[in-house]
Enquirer: 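There's a structure below that I have some questions on.
A, B, ... follow the sequence lines: proteins, then strands. Residue 1 opens every chain. Predicted model only: the values in this text are computed from it and were never measured.
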There are 2 protein chains.
Amino acid sequence: MSDAANSGHGLLGILGGMGPMAGAAFAARLVALTPAERDQDHVPTLLCNDPRVPDRSLARLGQGEDPLNAMLRGLRLLERAGASLIAIPCNTAHLWYDQLAASTRVPLLHIVEAVCDDLRRLGVWGRVGLMGTPATLKLGLYQQPLLQRGFEVIVPDDAGLAQCVDAIAAVKGNRPEAAFEPAAACIRALIARGAAAVVLGCTELPLAVPHGRRGEFATALTDSIDALAKAALVRYGRIAAPVGLALAD
Amino acid sequence: MSDAANSGHGLLGILGGMGPMAGAAFAARLVALTPAERDQDHVPTLLCNDPRVPDRSLARLGQGEDPLNAMLRGLRLLERAGASLIAIPCNTAHLWYDQLAASTRVPLLHIVEAVCDDLRRLGVWGRVGLMGTPATLKLGLYQQPLLQRGFEVIVPDDAGLAQCVDAIAAVKGNRPEAAFEPAAACIRALIARGAAAVVLGCTELPLAVPHGRRGEFATALTDSIDALAKAALVRYGRIAAPVGLALAD
């Protein structure tokens, strides 16, 4: 364990609940991706898995209550409990990243930066397919950061977007086995259009495509849960940072 | 969602970290076992997954630091954050249950009661095989409650106890695939001795025997993670209590 991990860092706060299975899966993948032999080698975490946050995608498309206040309450809870770094395992929530970051002195990881780092880690260049919620795709959460780093971005057509929505709803409704086919159909269509990798840019999507079935696809899948967990583990000195992280500009 | 769940209950606090994968798995199974169609239907939880708690089994066998103070710090954190019910997904930690319960006004679920309830839910009677850490088995955490409820209890022999220890260590060392064979060998030996069910009485053991492989065994396996999650969901009005819960005495 590095000195930084022992002394410089306290609790990793996790603002979860969006959705709750994604929050729990993030906590589990953080443990699984940590080089460790015993309990005491792991990063101490505090997961606020409160699913009462209003739906992020509906709100951003003007169809529902604003989730910002509920997210700020979660941030305050994590701050008061002593979090020294915060991860938010929900892509759509990052449409409020600037307001959340401005409200706290605790550094917040950014899931899009984590995914961009993971694409570099995987050695991916060129055309990248992007999956996510309607709000994440329509409001361009990923497009500009990916373009800045020299990637070309393609997004699903209307049928593919409906498949993303179906897969995400199935995971949120505790029917993960019904989530695979729509997610897989969308992935295959992006690959057919030349994607060198597909970003699972909603934290329900990695739960729709279990790790054991990822080999069925002809390209790399970048998992936003795992990417965010790796970004946290880099900050805690548990794994190495990927090389070649300089921005293309 | 029941009224009780909406009004009477706040956050479910989870005193995790013992080990951290078991804490995260408990949070995930709680979600998976909840009848829900959308994020907002789930129980709000706060998982303190701090793995720096000294080893419970070593301490209880006189070979290591007492974990009580670290567990009390976690309880205080959950209390201050507003937990109205607390679950501890670690069987061995329940050897300190009385001190923990005496230190807080927040009700603590008891994992052994949850497992006993689950045996009734599964319709199990008669001889039950019990797996767990050396401290859990040697100090009789489960034996008296099971006997009081009319069960006969059998425990692993020395070879079986070594298999439990190996399986638990493999899960804690992030090698779950190496945990299955020792756990399975111990289960098979207990079944050969007439066990009508086997209690996975350490929260690493359900992670050693994935849900998809439980059908390989001739008897029911009672999973202490799932049993504790069901006990919480009963308290939140999300699932029905098992029938026939009266004590045998």
Enquirer: Can you tell me which of B/N49, B/L30, B/D39 forms the most heavy-atom pairs within a distance under 4.5 Å of chain A?
Expert: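 Winner by heavy-atom pair count: B/D39.
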Enquirer: Walk me through whether A/L77 and B/L46 qualify under side-chain contact (heavy atoms from CB on, under 4.5 Å).
Expert: CA-CA 10 Å; A/L77 186 159; B/L46 182 66; 3.7 Å; yes
Enquirer: Which heavy atom of A/P51 sits nearest a heavy atom of B/H42, and at what distance?
Expert: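 Heavy atoms only, the tightest pair is CG-O, 3.3 Å.
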Enquirer: Could you pull out every donor-acceptor pair under 3.5 Å between side chains of residues 12-22 of chain B and any protein atom, sequence neighbours left out?
Expert:
none

Enquirer: Checking A/A25 against chain B: side chain, backbone, both or neither under 4.5 Å from a heavy atom?
Expert: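 The answer is neither part of A/A25.
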Enquirer: Return the set of residues passing side chain to side chain contact (heavy atoms under 4.5 Å, CB included) with A/L58 (not counting sequence neighbours), or none when no residue passes.
Expert: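 So A/L58 forms a side chain to side chain contact (heavy atoms under 4.5 Å, CB included) with A/D55, A/Q63.
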Enquirer: How many angstroms lie between atom SG of A/C48 and atom CG of B/L47, to the nearest 0.5 angstrom?
Expert: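 Between A/C48 SG and B/L47 CG, I get 10.5 Å after rounding to 0.5 Å.
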Enquirer: Look at A/A27, A/A32, A/P54 and state which one has the largest set of heavy-atom pairs under 4.5 Å with chain B.
Expert: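 Max contact count across the listed options: A/A32.
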Enquirer: Residue by residue, scan residues 161-176 of chain A and write down, ordered by number, those that have a heavy-atom distance under 4.5 Å to chain B; if none do, write 'none'.
Expert: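 A/K172, A/G173, A/N174, A/R175 fall under the 4.5 Å cut-off.
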Enquirer: Under 4.5 Å heavy-atom distance to chain A, tell me which part of B/R76 shows up: side chain, backbone, both or neither.
Expert: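 Nothing of B/R76, per the 4.5 Å heavy-atom cut-off to chain A.
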Enquirer: Applying a heavy-atom distance below 4.5 Å, give me the residues of residues 221-234 of chain B that approach chain A, sorted by number.
Expert: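 The stretch does not come within 4.5 Å of chain A.
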